[in-house]
Amino acid sequence: MEWTSIYKTGIDFIDVQHKRLFDEITKLKKLEQNSRETNREVYRILNFLEEYIIIHFSEEEAYMDKIGYDDIISHKSIHSNFIKEFDTLKNRLDSDGNYNPVQLFFFLIKWLQQHIAIEDQKYVNYQSIGK
């Protein structure tokens with residue numbers, strides 16, 4: 001995973017947060033499965049994601065509200081669905097006791113490709129055309 005212009009919003013605080021997410025995903029990709037160290041690192045990344053989701057989504061939604069983005073309700077719904085999927089995945093990983101970096105990696109890649117590169121660009125385009 002590499003940060004490229006396809007993911008760039010041009011909104012500094014959002015791009016900084018997205019880049020941090022990319023850094024964590026890159027760490028996941030390098031992990032081997034089923035080792036004690038891997039379990040600790042995946043657990044740390046899961047905890048990072050829980051905090052990231054709360055902060056990033058609330059700041060992004062506040063930004064969309066500020067610019068008067070007319071599809072904010074749909075975007076919030078997408079965030080809400082992601083939170084549910086993430087919670088389900090985290091609970092499954094917690095109950096197994098073995099944290100699968102591959103499963104988490106692909107979950108996050110799907111999110112980046114579908115959400116950041118497509119959905120986030122909608123409010124960026126909305127802002128750039130002046131509503």
Side-chain angles (χ1 to χ4, degrees):
M1 276 306 298
E2 221 177 278
W3 175 262
T4 65
S5 61
I6 193 170
Y7 300 108
K8 189 173 181 176
T9 65
I11 303 161
D12 290 339
F13 78 94
I14 290 175
D15 287 340
V16 166
Q17 291 173 355
H18 287 167
K19 285 179 185 177
R20 175 67 201 277
L21 181 58
F22 269 76
D23 290 344
E24 295 299 321
I25 292 171
T26 300
K27 290 174 187 174
L28 268 175
K29 188 175 183 185
K30 295 176 182 178
L31 294 175
E32 296 294 325
Q33 204 168 337
N34 296 327
S35 78
R36 179 177 233 144
E37 186 177 317
T38 294
N39 285 347
R40 278 195 301 266
E41 183 63 7
V42 173
Y43 187 73
R44 184 199 63 75
I45 292 170
L46 286 168
N47 286 332
F48 158 79
L49 287 169
E50 281 183 313
E51 184 176 322
Y52 174 90
I53 289 166
I54 293 166
I55 293 168
H56 178 70
F57 287 175
S58 66
E59 289 180 359
E60 189 176 82
E61 290 169 5
Y63 179 80
M64 288 185 283
D65 191 46
K66 178 182 170 185
I67 65 168
Y69 182 51
D70 60 2
D71 203 20
I72 190 171
I73 296 198
S74 174
H75 203 100
K76 284 182 176 183
S77 176
I78 292 168
H79 285 171
S80 180
N81 289 336
F82 175 83
I83 291 168
K84 289 175 191 168
E85 287 180 50
F86 173 77
D87 287 343
T88 299
L89 176 62
K90 184 178 184 307
N91 290 336
R92 189 171 349 130
L93 292 172
D94 278 341
S95 68
D96 290 347
N98 284 317
Y99 297 104
N100 185 336
V102 175
Q103 187 177 12
L104 183 57
F105 176 79
F106 283 111
F107 172 77
L108 293 171
I109 293 299
K110 177 183 160 195
W111 174 255
L112 290 175
Q113 291 172 339
Q114 292 180 353
H115 187 78
I116 295 174
I118 297 170
E119 294 301 323
D120 284 353
Q121 294 306 316
K122 290 178 182 178
Y123 70 78
V124 171
N125 293 335
Y126 176 86
Q127 178 194 9
S128 68
I129 61 170
K131 299 180 188 178

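- With hydrogens and angles left out, the side-chain atoms of Glu59 and Gln17 include a donor and acceptor closer than 3.5 Å.
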With side-chain contact (heavy atoms from CB on, under 4.5 Å) as the criterion, how do Trp111 and Ile78 come out once you've worked through the C-alpha distance, each side chain's angles and the decisive distance to 0.1 Å?
CA-CA 10 Å; Trp111 174 255; Ile78 292 168; 4.1 Å; yes
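- Within 6.0 Å of the CG atom in Asp12, the count of heavy atoms belonging to other residues, nucleotides or ligands does not exceed 12.
- The two atoms that bring Asp15 and Tyr7 nearest to each other are OD1-O, 4.1 Å, heavy atoms only.
- Residues Tyr69 and Tyr63 keep their aromatic ring centres 6.0 Å or farther apart.
- To the nearest 0.5 Å, atom CG of residue Leu108 and atom CG of residue Leu28 are 6.5 Å apart.
- Atoms CG and CG, from Leu49 and Leu104 in turn, are 6.0 Å apart once rounded to the nearest 0.5 Å.
- With contacts defined as side-chain heavy-atom distances shorter than 4.5 Å, the pair Glu24/Tyr52 does not qualify.
- With rounding to the nearest 0.5 Å, the separation of CD1 in Ile14 from CD in Glu60 is 5.0 Å.
- Between Phe107 and Phe82, the distance separating the two ring centers is shorter than 6.0 angstrom.
- Atom CD1 of Ile118 is separated from atom CG of Leu112 by 11.5 Å, given to the nearest 0.5 angstrom.
- Residue Lys90 holds its NZ atom at 5.0 Å from OH of Tyr43, rounded to the nearest 0.5 Å.
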side-chain contact (heavy atoms from CB on, under 4.5 Å) for Lys30 and Glu41? Distances and angles first, verdict last.
CA-CA 11 Å; Lys30 295 176 182 178; Glu41 183 63 7; over 6 Å; no
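- Side-chain contact check for His115 and Glu119: no donor-acceptor pair (N or O, by modelled atom type) lies under 3.5 Å.
- Taken to the nearest 0.5 Å, the OG1 atom of Thr88 stands 9.5 Å off from the NZ atom of Lys84.
- Each of Thr9, Asp23, Asp120 was evaluated against His18; a single residue qualifies, Asp120, per the side-chain hydrogen bond (donor to acceptor under 3.5 Å, both in side chains) test.
- Follow the hydrophobic side-chain contacts under 4.5 Å out from Phe22 and you reach Ile6 in the same cluster.
- Side-chain atoms of Ser58 come within 3.5 Å of backbone N or O of Ile55 as a donor-acceptor pair.
- Remark: aromatic rings of His75 and Tyr123 are close, center separation under 6.0 Å.
- Side chain of Ser77 to main chain of Ile73: no donor-acceptor pair is present (N/O by atom type, distance under 3.5 Å, no hydrogens or angles).
- Taking hydrophobic clusters as Ile, Leu, Val, Met, Phe, Trp and Tyr residues chained together by side-chain heavy-atom distances below 4.5 Å, Ile109 shares a cluster with Val42.
- Every residue two or more places apart in sequence or in another chain that forms a side-chain contact (heavy atoms from CB on, under 4.5 Å) with Glu61 is listed here: Phe57, Met64, Lys76, His79.
- Under the 4.5 Å side-chain criterion, counting only non-hydrogen atoms from C-beta, His56 is not in contact with Arg20.
- A distance-only check finds a donor-acceptor pair linking the side chain of Tyr126 to the backbone of Gly68 [under 3.5 Å].
- Between Lys8 and Trp3, the shortest heavy-atom contact is CA-CZ2, 3.9 Å.
- Every residue two or more places apart in sequence or in another chain that forms a side-chain contact (heavy atoms from CB on, under 4.5 Å) with Phe106 is listed here: Val102.
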